[in-house]
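As structure tokens, the structure follows; a few thoughts come after it.
All ligand and atom numbering here is 1-based and tracks the order in the structure. Basis for what follows: all heavy atoms, side chains included, without hydrogens, waters or symmetry-related copies.
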Amino acid sequence: MATKPPAGDPVQDAPQVAPPQHAAAGLPAIKHTLRIAQAQMGLARTARTLLKVNQKNGFDCPGCAWPEGDSRHTAEFCENGAKAVAEEATLRRVTPAFFAAHPLAELADRSGYWLGQQGRITHPMYLPEGADRYEPVTWERAFEIIAEELNALGSPDEALFYTSGRTSNEAAFLFQLFAREFGTNNLPDCSNMCHESSGSALTETIGIGKGSVSLEDLHQADLIIVAGQNPGTNHPRMLSALEKAKTSGAKIISVNPLPEAGTERFKNPQTPIGMLKGTALTDLFLQIRIGGDQALFRLLNKLVIEASESGSAAGSGAVDMDFVREHTHGYEDLRTAAAAADWDETLTATGLTRPEIERALAMILASQRTIVCWAMGLTQHKHAVATIREVVNLLLLRGNIGRPGAGVCPVRGHSNVQGDRTMGIFERPAPAFLDALDREFGITSPRHHGYDVVRSIEALRDGKARVLFAMGGNFVGATPDTEVTEAAIRRADLTVHVSTKLNRSHAVTGRRALILPTLGRTDKDVQASGRQFVTVEDSMGMVHASRGNLTPASPHLLSEPAIVARMARAVLGDASATPWEEFERDYAAIRDRIARVVPGFEDFNARAARPEGFRLPHAPRDERRFPTATGKANFTAAPVEYPKVPEGRLLLQTLRSHDQYNTTIYGLDDRYRGITGGRRVVMVNPEDAAELGLADGSYTDLVSEWKDGVERRAPGFRVVHYPTARGCAAAYYPETNVLVPLDSTADTSNTPASKSVVVRFEPA
Ligand SMILES: Nc1nc2c(c(=O)[nH]1)N[C@H]1C(S)=C(S)[C@@H](COP(=O)(O)OP(=O)(O)OC[C@H]3O[C@@H](n4cnc5c(=O)[nH]c(N)nc54)[C@H](O)[C@@H]3O)O[C@H]1N2
Ligand SMILES: Nc1nc2c(c(=O)[nH]1)N[C@H]1C(S)=C(S)[C@@H](COP(=O)(O)OP(=O)(O)OC[C@H]3O[C@@H](n4cnc5c(=O)[nH]c(N)nc54)[C@H](O)[C@@H]3O)O[C@H]1N2
Ligand SMILES: [Mo]
């Protein structure tokens, strides 16, 4: 039967390796999609579901946050979007009988892949103190348990309210409102591990922590720099935009330690020509050392300034002095700092050659409209914020912010991670936001900051936090330093997860635990006032509606807004004047409140009903206004940093395979990289491997080295000789999270430095 989960746990992780591919998408992508989708959903549901993805009357793809274009293809989906949908729309079910048959200890032994493959959770489940397995519980009792624990806390700040980025605007707004009425800003979210560094860098430099470009800008750019991102796997629909830009003559520079198939060549499945030949995307591949980006951009900035001041024809106007004078602050500081940039040091930091950097410079100087796109390859380093600021410096020098075809493009992860932040899911909210919230609801929100993800784990570890309530996600699986984190979680009095599917966070719990099963994006959401829709915001600040069309996985599911509303009533009781019942009845009532609290959402209900949605304001993009402390766009001049790796060690990045969505594992293949049938692989440059005595196909333990002297070990990885940059290695997350020290984080943003882990190899 196609819809049965795999019988055993595929612990026999036995990776096979073939040469990596040089083109993404094409026919194999379609075949692979249909195979996974049919195994989960059967044929009829596959067709019905996939045709509704990202259509104007359909649901927003629960995959990535890449925007939908205005002219949508009938099949506006990509291979990995389809997998995300299949994973949610699966016909497999996790029922109370499943929990009766599988004690907690067994679930804790299973792989994340096996857990996820069991299907959608159908009933609220409760793990009483000391019990060896979950038992069914009524919703009413579940909310009573939450109220008992929350109301017994010594302070509201002993509670943590985590959000993963799939949560709709409506649910997120209610969730943060509840947390603040309860009395805490402890609203950690997946963003803390993701684009927090981008938010920190952009807020300081341009005054708003979001990207400044639209899809049309991408199409109009004449130079696109894609740094630290693997769109072929993680944002496949971005390849269509890159292809479109290329067709109009744009050039593309890829900055990456790995040659990723998606940025090399794209075989567009929407066009016959694309399927056959594909479009070569990258004009210049800079195979950078992990963590070398700040040094690269600093030197480029120096060279741009030098060219401008040289009086040469090529360099004339290289620095847009009118823009710099009118709109920026701090140019002289950058100029001085950049002057100190040194070729030799940059070549060491980046592993690049002088001609490669000179070619990049020539392309930058020849461009009138440059966009820089980036993702986790830039955000998850100690010096991530400084790196992104250096990217902003380059764009500011050339006046490339706030004009068509140019700007910053942090490519977001989860489909509504940007919207959740807009709705106030933030442990360090702006006072103006809290003032507006307080005025609207007649409450007094706490003003002191809350815990982010890393600080939440520390608080659990130190006994300062006692309850974790997670709105989606996989807190235990996604966070760093797995052993430390799991021990911290086990100290909690209560852990609650609002979830669609099983994951490790349900197996590693506090003294008591609850699983609250919820509707996903694809599910029809009917409340007392009728059928509901929710809204999301994409990576480019477009807000639009999302309507599920499938019969929910079980009649016992509650929507996320309903769960928050009922929890709020149980916990806050008569002390709350907020109309929680009305919010649950009709989400339009929530949107009316959002319209009054969050700038840019005026007339929200009417505008959300428009098929194409609406664009949120963005001062730098729209009017070249920079709402920073100086009132101008800020150049910054942080000291250049790059990781220094001791002899005999490599710098490990933890990244995604083609068959996973974060901690959700769809399958054991990483097709573009030529790896199939297993995930415990470590990719190492053949020359480094020769020096370290690591034969291809041999097995090794990875041991991370950190200043605390604690030995963190991930055993049994198959060595794969792979064309990554020298000195670097790569292995999949979350298997390697155990290696990332909890206090190895980015300066300012506190994002775990998941892309720079110093490791040594201990062959098995
Ligand atoms: N199918 C699918 N889609 C997804 C996800 C998924 O897991 N699966 N996850 C979603 C989420 S939450 C996110 S945040 C995004 C993540 O999207 P990505 O950021 O593309 O994800 P990663 O796999 O972490 O890839 C990081 C890329 O950066 C490169 N890199 C690593 N270190 C460096 C460095 O120091 N410098 C440079 N220049 N490059 C470097 C890596 O080689 C790799 O190509 O994707 C979203 N979309
Ligand atoms: N080492 C390392 N660690 C990383 C990263 C890395 O690159 N390297 N990347 C980081 C990044 S960028 C991110 S964003 C985080 C991701 O962290 P999370 O967002 O916490 O993790 P996910 O794996 O996306 O969460 C998957 C779970 O979400 C639940 N879920 C799915 N859909 C829904 C829904 O509609 N509603 C609800 N309530 N639940 C749902 C399912 O139960 C599923 O098991 O991980 C971070 N961790
Ligand atoms: Mo992310």
Side-chain angles (χ1 to χ4, degrees), residues 62-66 78-81 83-84 87-88 112 115-116 121 162-168 171 189-195 226-236 254-258 260 262-263 286 288-293 296 374-381 387 411-415 417 453 470-480 497-506 515-523 560 563 643 651 653-664 666 724-725 728 730 732-737 739-740 751-752 754-757:
C64 68
W66 191 256
C78 64
E79 174 186 357
N80 278 344
K83 288 189 219 159
E87 185 76 18
E88 181 174 300
L115 291 172
I121 305 164
Y162 175 73
T163 310
S164 167
R166 276 195 196 181
T167 295
S168 66
D189 73 338
C190 68
S191 214
N192 299 146
M193 301 181 271
C194 185
H195 266 294
V226 181
Q229 201 204 335
N230 179 20
T233 286
N234 297 314
H235 305 91
S254 298
V255 190
N256 203 309
L258 295 176
E260 303 283 29
T263 31
L286 298 179
I288 196 162
R289 281 215 172 123
I290 291 174
D293 303 80
L296 170 67
W374 72 89
M376 298 304 101
L378 295 200
T379 64
Q380 298 176 334
H381 294 286
T387 299
V411 182
R412 301 278 162 179
H414 270 298
S415 50
V417 61
V453 164
M471 184 55 81
N474 179 1
F475 189 90
V476 172
T479 48
H497 286 88
V498 179
S499 307
T500 52
K501 310 275 298 266
L502 271 188
N503 62 47
R504 183 137 187 100
S505 299
H506 307 118
I515 303 176
L516 307 181
T518 193
L519 299 176
R521 276 295 160 70
T522 54
D523 297 315
E560 291 182 351
I563 289 172
L651 197 61
Q653 60 154 321
T654 62
L655 81 180
R656 292 154 174 81
S657 89
H658 194 61
D659 264 3
Q660 75 183 83
Y661 193 93
N662 298 337
T663 68
T664 298
Y666 304 135
T724 181
C728 304
Y732 303 130
Y733 129 79
E735 286 81 349
T736 45
N737 286 32
L739 299 173
V740 184
T751 295
S754 312
K755 296 286 189 277
S756 31
V757 187

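Nearest to atom 20 (O) of ligand 1 among the protein's heavy atoms is N230 N, 2.8 Å. The protein heavy atom nearest to atom 18 (P) of ligand 2 is Y162 OH, 3.5 Å. Distance from atom 15 (C) of ligand 1 to its nearest protein heavy atom, with residue and atom name: H235 CE1, 3.6 Å. In this structure, atom 43 (C) of ligand 2 lies nearest to the protein heavy atom N503 ND2, 3.7 Å. Protein heavy atom at the shortest distance from atom 4 (C) of ligand 2 is Y733 CE1, 3.1 Å. Nearest protein neighbour of atom 35 (O) of ligand 1, counting heavy atoms only, is G291 N, 2.7 Å. Among protein heavy atoms, atom 8 (N) of ligand 1 sits closest to Q660 O, 2.7 Å. The shortest contact between atom 23 (O) of ligand 2 and any protein heavy atom is with T663 OG1, 2.6 Å. For atom 42 (O) of ligand 1, the nearest protein heavy atom (residue, atom name, distance) is N256 OD1, 2.6 Å. Summary of contacts: the protein heavy atom closest to atom 12 (S) of ligand 1 is N662 ND2, 3.4 Å. The single protein non-hydrogen atom nearest to atom 11 (C) of ligand 1 is G413 CA, 3.2 Å, given as residue, atom name and distance. Annotation: atom 21 (O) of ligand 1 to nearest protein heavy atom, N234 ND2, 2.9 Å.
Interface of C194 with ligand 1, defined as ligand atoms under 4.0 Å from a residue heavy atom, comprises 14 (S). The ligand atoms of ligand 2 that sit less than 4.0 angstrom from a heavy atom of H414 are 14 (S), 19 (O), 24 (O). Less than 4.0 angstrom separates some heavy atom of T233 from each of these atoms of ligand 1: 1 (N), 2 (C), 3 (N). Ligand-side atoms of ligand 1 in range of I290: 35 (O), range being under 4.0 angstrom from any heavy atom. Of all atoms in ligand 1, numbered sequentially from 1 with element shown, those under 4.0 Å from a heavy atom of G228 are 19 (O), 27 (C), 28 (O), 29 (C), 37 (C), 38 (N), 39 (N), 40 (C). Atom numbering of ligand 2 starts at 1 in the shown order; those under 4.0 Å from a heavy atom of S754 are 1 (N), 2 (C), 3 (N), 8 (N). Taking every non-hydrogen atom of E260 and a distance limit under 4.0 Å, the qualifying atoms of ligand 1 come out as 42 (O), 43 (C), 44 (O). Contact atoms of ligand 1 toward L258: 42 (O) (distance under 4.0 Å to a heavy atom of the residue). Contact atoms of ligand 1 toward Q653: 30 (N), 31 (C), 32 (N), 41 (C), 42 (O) (distance under 4.0 Å to a heavy atom of the residue). The contact set between ligand 2 and G472, taken as ligand atoms under 4.0 Å from a residue heavy atom, comprises 37 (C), 38 (N), 39 (N). Close contacts between ligand 2 and M376 involve ligand atoms 12 (S) [criterion: under 4.0 Å to a heavy atom]. Each of the following atoms of ligand 1 lies closer than 4.0 Å to a heavy atom of N80: 1 (N).
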(request) Show your reasoning for whether side chain to side chain contact (heavy atoms under 4.5 Å, CB included) applies to Q229 and N234. (result) CA-CA 8 Å; Q229 201 204 335; N234 297 314; over 6 Å; no
(request) May I have the step-by-step check of side chain to side chain contact (heavy atoms under 4.5 Å, CB included) for D293 and V255, ending in yes or no? (result) CA-CA 8 Å; D293 303 80; V255 190; 3.5 Å; yes
(request) Begin from the C-alpha positions of L655 and N230 and carry the test side chain to side chain contact (heavy atoms under 4.5 Å, CB included) through to its verdict. (result) CA-CA 10 Å; L655 81 180; N230 179 20; 5.9 Å; no
(request) Could you walk me through whether H414 and C194 pass the side chain to side chain contact (heavy atoms under 4.5 Å, CB included) test, one step at a time? (result) CA-CA 9 Å; H414 270 298; C194 185; over 6 Å; no
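Of the polar atoms of K755, at least one N or O is found under 3.5 Å from an N or O of ligand 1, judged by distance alone. For a threshold of 3.5 Å applied to N or O pairs, the pair formed by H506 and ligand 2 contains no separation below that value. Taking distance alone, with nitrogen or oxygen atoms compared against 3.5 Å, T518 stays at or beyond that limit from ligand 2. No N or O atom of Y666 sits closer than 3.5 Å to an N or O atom of ligand 1. For ligand 2, the polar-atom distance check against A478 finds a nitrogen or oxygen pair separated by under 3.5 Å. Among the atoms of R521, none of the N or O lies under 3.5 angstrom from an N or O of ligand 2. Considering backbone and side-chain N/O of M193, none are found under 3.5 Å from N/O of ligand 2. Of the N or O atoms in T654, none lie within a sub-3.5 Å distance of an N or O in ligand 1. Looking at ligand 1, you won't find any N or O of P257 less than 3.5 Å from one of its N or O atoms. Taking only nitrogen or oxygen atoms, main chain and side chain alike, E560 reaches within less than 3.5 Å of ligand 2. The shortest N or O to N or O distance between R412 and ligand 1 is not under 3.5 Å. Backbone and side-chain nitrogen or oxygen atoms of R166 are examined, and one is located within less than 3.5 angstrom of a nitrogen or oxygen of ligand 2.
When all heavy atoms of E560 and S168 are compared, the pair lying nearest together is OE1-N, 4.1 Å. Nearest heavy-atom pair, H195 versus T379, reported as atom, atom and distance to 0.1 Å: ND1-CG2, 3.6 Å. Across V411 and W66, no two heavy atoms sit closer than the pair CG1-CE3, 3.8 Å.
Using modelled atom types and a 3.5 Å distance limit, the side chains of S499 and H506 yield a donor-acceptor pair.
One finds a salt bridge joining K83 and E79 here, because a Lys/Arg side-chain nitrogen approaches an Asp/Glu carboxylate oxygen to under 4.0 Å. The pair K501-E87 meets the salt-bridge criterion, since a charged nitrogen lies less than 4.0 angstrom from a carboxylate oxygen.
Considering each of V453, T664, T479, T522, the one bringing a non-hydrogen atom nearest atom 26 (C) of ligand 2 is T664. Remark: among candidates T500, I515, I121, the nearest residue to atom 41 (C) of ligand 2 is T500, based on non-hydrogen atoms. Here atom 34 (C) of ligand 1 lies nearest to G377 when heavy atoms of G377, A730, G232 are compared. Looking at G473, S164, A375, C190, it is G473 that brings a heavy atom closest to atom 28 (O) of ligand 2.
Under the 4.0 angstrom criterion for non-hydrogen atoms, R656 is in contact with ligand 2. In this structure, V498 is part of the shell of residues with a heavy atom less than 4.0 angstrom from ligand 2. Heavy atoms of H381 come nearer than 4.0 angstrom to ligand 1 in at least one pair. At least one heavy atom of Q380 sits closer than 4.0 Å to an atom of ligand 2. A heavy-atom separation below 4.0 Å is not found between L655 and ligand 2.
For V411, no heavy-atom contact with ligand 1 is shorter than 4.0 Å.
Proximity of a side-chain donor or acceptor of T654 to a complementary backbone N or O of K755 within less than 3.5 Å is not detected.
How far OG1 of T751 is from CG of N192: 7.0 Å, rounded to the nearest 0.5 Å.
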